[in-house]
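What follows is one structure encoded as structure tokens, with my remarks underneath.
Chain letters run A, B, ... following the sequence lines, proteins first and then strands; every chain starts at 1.
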Number of protein chains: 2
Amino acid sequence: MEKKISDHIFEPVETKQAYKEVSEKIKTAIFNGTLKPEDRLPSEIALAKQFQVSRQTVREALRLLEMSGFITIRRGSAGGPIIEKTVLHAVSNALLNALQMQNVTLNDITVARIETEKSVLRYAIKNADQADINALSENISTAKRKVEQGITVFPDNVEFHILLARASKNPVFIVVVESILALGAEYISRFGLNFEASKKTLAEHEKILKAVIERNTEEAIRLIKDHLLRIGHRNKSTTE
Amino acid sequence: MEKKISDHIFEPVETKQAYKEVSEKIKTAIFNGTLKPEDRLPSEIALAKQFQVSRQTVREALRLLEMSGFITIRRGSAGGPIIEKTVLHAVSNALLNALQMQNVTLNDITVARIETEKSVLRYAIKNADQADINALSENISTAKRKVEQGITVFPDNVEFHILLARASKNPVFIVVVESILALGAEYISRFGLNFEASKKTLAEHEKILKAVIERNTEEAIRLIKDHLLRIGHRNKSTTE
DNA sequence: TCACATTTGTCCGTATGTATC
DNA sequence: AGATACATACGGACAAATGTG
């Protein structure tokens, strides 16, 4: 008698659906660099001819790629499917969907942000190069200028945290931070919170950057914790 | 002249496409509980009649929902679109796609895992209730039994980390941990690593659980760090 | 301003494969 | 084994959007 093996070692063999195969082929062409960002794919009719399938099949394949974030589709003349630079927005969307099916509170998001960004900071301080520091400094001075001109600096303040994640040199951190930020933004817009107090945020960002430059890990972590706690606690009145 | 405002304040208004509207309506029905997991949606033809659109339009809407993880579609009689319990697998897929377009190393994954799970442990120790402890104990004893019978315990060992995340009571952590785990699994399968040394893994899990039960945060964190480092370092020879 | 070409969006009808009873 | 119900796939057609001359 054979030794009994646990279930789920082999996935069931799925009979290939044409639209999935088409989508896979285009996807691998993107991964291996044959298709590059900003490139335009052939039109649906041309693709149908190339793959020897119907237009409907091509369209369903394109729907998959669109939802996965690989392409966007423009209508009209000179339109068509265009390769995207990143698929990060798709991650945030998926994360958002997942969390919408759970019960997620603003506090949950804040806690996760604090913990994640604390880790990010440790690695950012370890791995940041001059380009990262410059980008962060640039971000703050741009934001300052905008505040004086009365322009909203919300996108810049979000960008600050993404730049920190980049400085960690770990793509996993970057994706996770961007996703949580997108999640927070969605949460905020859904409950109609406002975007004031950017000056305070800006001042705190400046202090954090200073600590990063000085490689002062303890101070930086203390600052980001307070910073994110403030944003999280003032949930109904203030945010990034 | 108008004051120049930063770009991307307003998104372009998209003229509604039927397939997107159909997909949205089904999605909101899922969110507000009208449609529950395991429910079967009407057939494509019936949906086409209800929404007053063509079958092709319905199919494209279903493609979106399928890719987002909300439904799976079974062919044949008594088949049709079925509501899924969670959309977590969609998150992992999206994350995977995103990271495949970057340059991610096993070390990046290991670092992110360690940092994330350290945070998870802190909150798990704070928030775990008896049910969580029971589930974790159950997991270990099940795995032990399987090891004795020569059955692979890889899925159980992965489950252990998910149970830890659940014990933290923070859905964001759960999603992030599951995603990173899926990412690691994908990475492993892609490079054909093996699944041995489960006994060592099991023993370490047992120690971690003990520390959690004793509410010994420092010890638990030290253990999980060593545990994940070992898994990460022995990348080409050993894993979970 | 207007007409035209291109490309996606949508519809219909039909045929075939596939799983269930 | 046969009937049924469903997804899958094809082809042809027209509408709507969009850029170009």
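- One can place NZ of Lys49(A) at 16 Å from C1' of dC10(D), the figure rounded to the nearest angstrom.
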For nucleotides 5-8 of chain D, tabulate all protein N/O to nucleotide N/O atom pairs closer than 3.5 Å, reporting atom names and distance.
| residue | atom | partner | partner atom | Å |
| --- | --- | --- | --- | --- |
| dA5(D) | N3 | Ser77(B) | N | 3.3 |
| dA7(D) | OP1 | Glu44(B) | N | 3.4 |
| dA7(D) | OP2 | Glu44(B) | N | 3.1 |
| dT8(D) | OP1 | Gln17(A) | NE2 | 2.6 |
| dT8(D) | OP2 | Arg59(B) | NH1 | 3.3 |
| dT8(D) | OP2 | Arg59(B) | NH2 | 3.4 |
| dT8(D) | OP2 | Arg63(B) | NH2 | 3.3 |
| dT8(D) | O4 | Arg55(B) | NH1 | 3.4 |
| dT8(D) | O4 | Arg55(B) | NH2 | 3.4 |

Counting only pairs under 3.5 Å, give me each side-chain donor-acceptor contact of residues 42-50 of chain A, with atom names and distances, residues two or more places apart or in other chains.
| residue | atom | partner | partner atom | Å |
| --- | --- | --- | --- | --- |
| Ser43(A) | OG | Ala46(A) | N | 3.3 |
| Glu44(A) | OE1 | Arg55(A) | NE | 2.9 |
| Glu44(A) | OE1 | Arg55(A) | NH2 | 2.8 |
| Glu44(A) | OE1 | Arg59(A) | NH1 | 3.3 |
| Glu44(A) | OE2 | Arg59(A) | NH1 | 2.8 |

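- A salt bridge does not link Glu24(A) to Lys16(A): none of the charged nitrogens lies less than 4.0 Å from a carboxylate oxygen.
- Shown here are the side-chain hydrogen bond (donor to acceptor under 3.5 Å, both in side chains) partners of Gln130(A), two or more places apart in sequence or in another chain: Asn134(A).
- Atom-to-atom, CG of Leu47(A) to P of dG9(C) comes out at 13 Å; the value is rounded to the nearest Å.
- Looking at Glu60(B) and Arg63(B), no side-chain N of the basic residue comes within less than 4.0 Å of a carboxylate O on the acidic one, giving no salt bridge.
- If you measure from atom CD1 of Ile82(B) to atom C1' of dA19(C), you get 12 Å, rounded to the nearest angstrom.
- Aromatic ring orientation, Phe160(A) versus His205(A): parallel (interplanar angle below 30°, classes split at 30° and 60°).
- If you measure from atom CD of Gln56(B) to atom P of dG9(C), you get 10 Å, rounded to the nearest angstrom.
- When all heavy atoms of Ala135(B) and Leu163(B) are compared, the closest pair comes out as O-CD1, 3.6 Å.
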